[in-house]
Amino acid sequence: MPATTPPPAELHRRVIDWYGAHRRTLPWREDPDPWRVMVSEFMLQQTPVVRVLPVFEAWLERWPTPADLAASPAGEAVRAWGRLGYPRRALRLHAAATAIVESHGGAVPGTYDELLTLPGVGDYTAAAIASFAYGRRAVVLDTNVRRVFARVVSGVQYPSQGVLRAERDLATSLLPEDDAVAAAWAASTMELGAVVCTARAPRCEACPIADACRWRAVGYPPHDGPPRRGQPWHGTDRQCRGALMAVVRDAAGPVAPELVAAAWSDAAQRERCLDSLLDDGLLDLAADGRLTLPG
DNA sequence: TATTCGTGGGC
DNA sequence: TGCCCAAGAAT
């Protein structure tokens, strides 16, 4: 059967209705306070929901407002970040909280343009906060939404590596006019991509728009083109930096350099990564030569 | 535009 | 077992 493309309003209704019936209960959805939404979005950048949940709860209990976080040392944020990965996100969240206190009266701003000025907030996160926390109309284009559109509309398994102009135009053209409907559409398409239209084994039998999916209609052709590059890990600077950070993060106080050195055998790489961590502000060098999280 | 930046779980 | 992937941002 050919994929007949329903009118946009029909597509919106079916996906939003599906969301109403099947959406996961997540803490930042049950109480979409802007600061809670913002914290969740930072943590969810490249990190799965199940790993974020416990850290999110502890974080909000300790720092219920941006001002609370801004009043703590940045290093405490890095430590509370735990093993979520990409600890620069913790530093940027702390810096964003500071900017919110200094420039926005302590309240998370609600417009895309204001949000975009905050450290660690890019196109996706600005749109997500404006939409999920403030109910505003915004083009929320994350990896889930991109995959749904790639399959349903373009008939391909995966979206391109970067966001193309035509892709953004498509997402914009599909965005409902009304703010509340647009926000519901954003959340719904993301959820559909996250739990049904997944990267590896899509559950098309549970999809509310399977009959409208072009990829399905053309027989699920596999990705065609240059191989999708996996990120190398073993022996990389990222692995080294992670090992060094773990030593300091899990220590109660300042750490002797010999103890940090024991975490990575390649001396040249170790020194290079240590320098980069100091340069990034993820580590500080005390006067006595010991290493600490940033004050 | 292409790289870099952590971490861990599923297949 | 390795490989792929997960609500990206900054440069």
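To find a chain, count down the sequence lines: A is the first, B the second, and so on, and within it residues start at 1.
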If you only use heavy atoms from C-beta on, which nucleotide in [options] is closest to the side chain of [X]?
| X | options | answer |
| --- | --- | --- |
| P48(A) | dG8(C), dA6(C), dA7(C) | dA6(C) |
| T125(A) | dA6(C), dG8(C), dG6(B) | dG8(C) |
| P87(A) | dA7(C), dA6(C), dG6(B) | dG6(B) |
| R51(A) | dC5(C), dT7(B), dA7(C) | dT7(B) |
| R83(A) | dT7(B), dG6(B), dA7(C) | dT7(B) |
| R238(A) | dA6(C), dT7(B), dA7(C) | dT7(B) |
| Y86(A) | dA7(C), dG9(B), dG8(C) | dG8(C) |
| T47(A) | dA10(C), dC5(C), dG6(B) | dG6(B) |
| R200(A) | dG9(B), dC5(B), dA7(C) | dG9(B) |

Nearest whole Å is fine: how far is [N] [atom2] from [X] [atom1]?
| X | N | atom1 | atom2 | result |
| --- | --- | --- | --- | --- |
| L53(A) | dA7(C) | CG | C1' | 12 Å |
| L84(A) | dC5(C) | CG | P | 22 Å |
| Q161(A) | dA6(C) | CD | P | 14 Å |
| L93(A) | dA9(C) | CG | C1' | 13 Å |
| R228(A) | dC3(C) | CZ | P | 16 Å |
| L274(A) | dC5(B) | CG | C1' | 17 Å |
| H223(A) | dC4(C) | NE2 | C1' | 13 Å |
| R88(A) | dG6(B) | CZ | P | 6 Å |

Determine the contact category for [X]: base if any of its heavy atoms lies under 4.0 Å from a base atom, sugar-phosphate if only primed atoms, P, OP1 or OP2 are that close, otherwise nothing.
| X | answer |
| --- | --- |
| A199(A) | sugar-phosphate |
| W81(A) | nothing |
| Q231(A) | base |
| R147(A) | sugar-phosphate |
| G120(A) | sugar-phosphate |
| Y158(A) | sugar-phosphate |
| R24(A) | base |
| G85(A) | base |
| D123(A) | sugar-phosphate |
| T143(A) | sugar-phosphate |
| L282(A) | nothing |
| V50(A) | nothing |

Can a side chain N or O of Q45(A) be found less than 4.0 Å away from OP1 or OP2 on dA7(C)? no

What I want to find out is whether E258(A) reaches R270(A) closely enough, with some N-O distance under 4.0 Å, to be called a salt bridge. no

Is the closest basic N to carboxylate O distance between R165(A) and D169(A) below 4.0 Å? yes

Path from F42(A) to L116(A) over hydrophobic side-chain contacts below 4.5 Å: no

Check: V108(A) and P66(A) side chains under 4.5 Å, non-hydrogen atoms: yes

Taking dA9(C) as the reference, what is the distance to dG8(B) when you measure between their P atoms (whole Å, please)? 23 Å

Looking only at atom P, what distance separates dT4(B) and dA7(C), rounded to whole Å? 23 Å

Taking A182(A)'s backbone N and O only, do any of them form a donor-acceptor pair with R137(A)'s side chain (distance below 3.5 Å, no angle check)? no

Stepwise side-chain hydrogen bond (donor to acceptor under 3.5 Å, both in side chains) test for R89(A) and T47(A): CA-CA 11 Å; R89(A) 290 181 293 165; T47(A) 303; 2.9 Å; yes

Is it true that Y124(A) and Q45(A) share a donor-acceptor pair across their side chains at a distance under 3.5 Å? no

